[in-house]
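A short write-up of the structure that comes next.
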Amino acid sequence: MLKKLVLLFALLAVANAVTLRKWIASHEKTCFYAQTSAPGKKISFYFAVHQGGNFDIDFEVEAPNNRQLFKGEAERQGDYVFTANQPGEYAFCFKNGLASFADKQVEFDISVENEARPEDIAKRSKRDEVMNSVVTIASDLGQITKFMKYFRTRENRNFATVSSTESRVWWFSVLQSLSVVLVAVMQVYAIRALFTAKRSRL
């Protein structure tokens, strides 16, 4: 029981993460923040557009000194990892561009992890092997979670594509049926007009 508690607390101490979903209205800009108390921490930032428009959005990441670290336009998803060399508040902003008129749902994950330094690694003894194993397991679980999010995002996009294609096929079938009916009616009136003209000549 004690080992399980140690493992649980170790996993919780590896990283501070939050996963959110947010609807972003047209022309709206929304920012989220992550706080680092000391330099040298690793920040992981993942996002994916699940619904709305062309499944793309603009984003930017800013350091505490307002220096821009990353920026992208019309991105469907992204996965970034960087070292926070400066303590403070990092901003992660999404903007539903001016060319878009649809609300969009964005899922994103911000993780602040403790990055081990070489001098700290050199001081570790055998008793830290359990912690190293926990860190490795947590890292592998994080990768698996990202793969699952990626496949779920692809599933949502493929479902939207199928729904859009189904709607287009339905409307095309309706228009085709109306065209056939319209041509048939025009042919009937044309034939009737032809016979009426012949009778009037007689």
Closest heavy-atom pair, I57 versus K95, reported as atoms and distance to 0.1 Å, is CG1-O, 3.3 Å

For A25 and D103, the nearest pair of non-hydrogen atoms, with its separation, is CA-OD1, 3.2 Å

Correct closest heavy-atom pair for Q86 and T36 would be O-OG1, 3.7 Å

Validation row: D56, K104 side chains within 4.5 angstrom (heavy atoms)
yes

Interatomic distance, NE2@H50 vs CZ@F159, rounded to 0.5 Å, equals 14.5 Å

| request: Give the cluster check for Y189 versus V181: same hydrophobic cluster or not, with ILVMFWY residues linked at side-chain heavy-atom distances below 4.5 Å. | output: yes

Residues 79-94 vs salt bridge (Lys or Arg N to Asp or Glu O under 4.0 Å), sequence neighbours excluded, gives D79-K146

Quick check: is F45 connected to L20 through a chain of hydrophobic side chains (ILVMFWY, heavy atoms under 4.5 Å apart)? yes

Taking the side chain as everything from C-beta on, heavy atoms only, tell me whether F92 gets closer than 4.5 Å to C31.
no

In terms of heavy-atom contacts, P39 and N85 come closest through CB-O, 3.4 Å

So does I43 get a backbone contact from the side chain of S111, meaning a donor-acceptor N/O pair under 3.5 Å?
no

Rounded to the nearest 0.5 Å, the CG atom of L182 sits from the OG atom of S177 at a distance of 12.5 Å

Exercise for review: Verify the neighbour count for atom CD of E166: are there more than 12 heavy atoms of other residues, nucleotides or ligands below 6.0 Å?
Suggested key: no

Here the pair of heavy atoms bringing E75 nearest to V49 is O-CG2, 4.1 Å

(message) Is any side-chain heavy atom of I110 closer than 4.5 Å to one of Y90?
(response) no

Between the NZ atom in K41 and the CD atom in Q35, the distance rounded to the nearest 0.5 Å is 9.5 Å

Quick note, salt bridge (Lys or Arg N to Asp or Glu O under 4.0 Å) partners involving residues 21-33, not counting sequence neighbours, are R21-E107, K29-E60

Q | V174 with V169, same ILVMFWY side-chain cluster at under 4.5 Å | A | no

Heavy-atom distance under 4.5 Å between the side chains of E73 and D58, does that happen here? yes

Ring pair (Phe, Tyr, Trp, His ring centres under 6.0 Å) filter on F70, not counting sequence neighbours, yields Y80, F82

Sub-3.5 Å donor-acceptor pair from the side chain of D109 to the main-chain atoms of Y46, do we have one? no

Does A102 offer a backbone N or O that forms a donor-acceptor pair with the side chain of N96 under 3.5 Å? yes

Checklist entry - Are V162 and W170 grouped together when hydrophobic residues (ILVMFWY) are joined by side-chain heavy atoms under 4.5 angstrom apart? => result no

Looking only at heavy atoms, the pair that brings P87 and P64 closest together is O-CG, 3.8 Å

One should read off an interatomic distance between Q105 CD and F55 CZ, to the nearest 0.5 angstrom, of 10.0 Å

From the list F108, F59, W23, ring-ring contact (aromatic ring centres under 6.0 Å, His included) partner of F94 resolves to F108

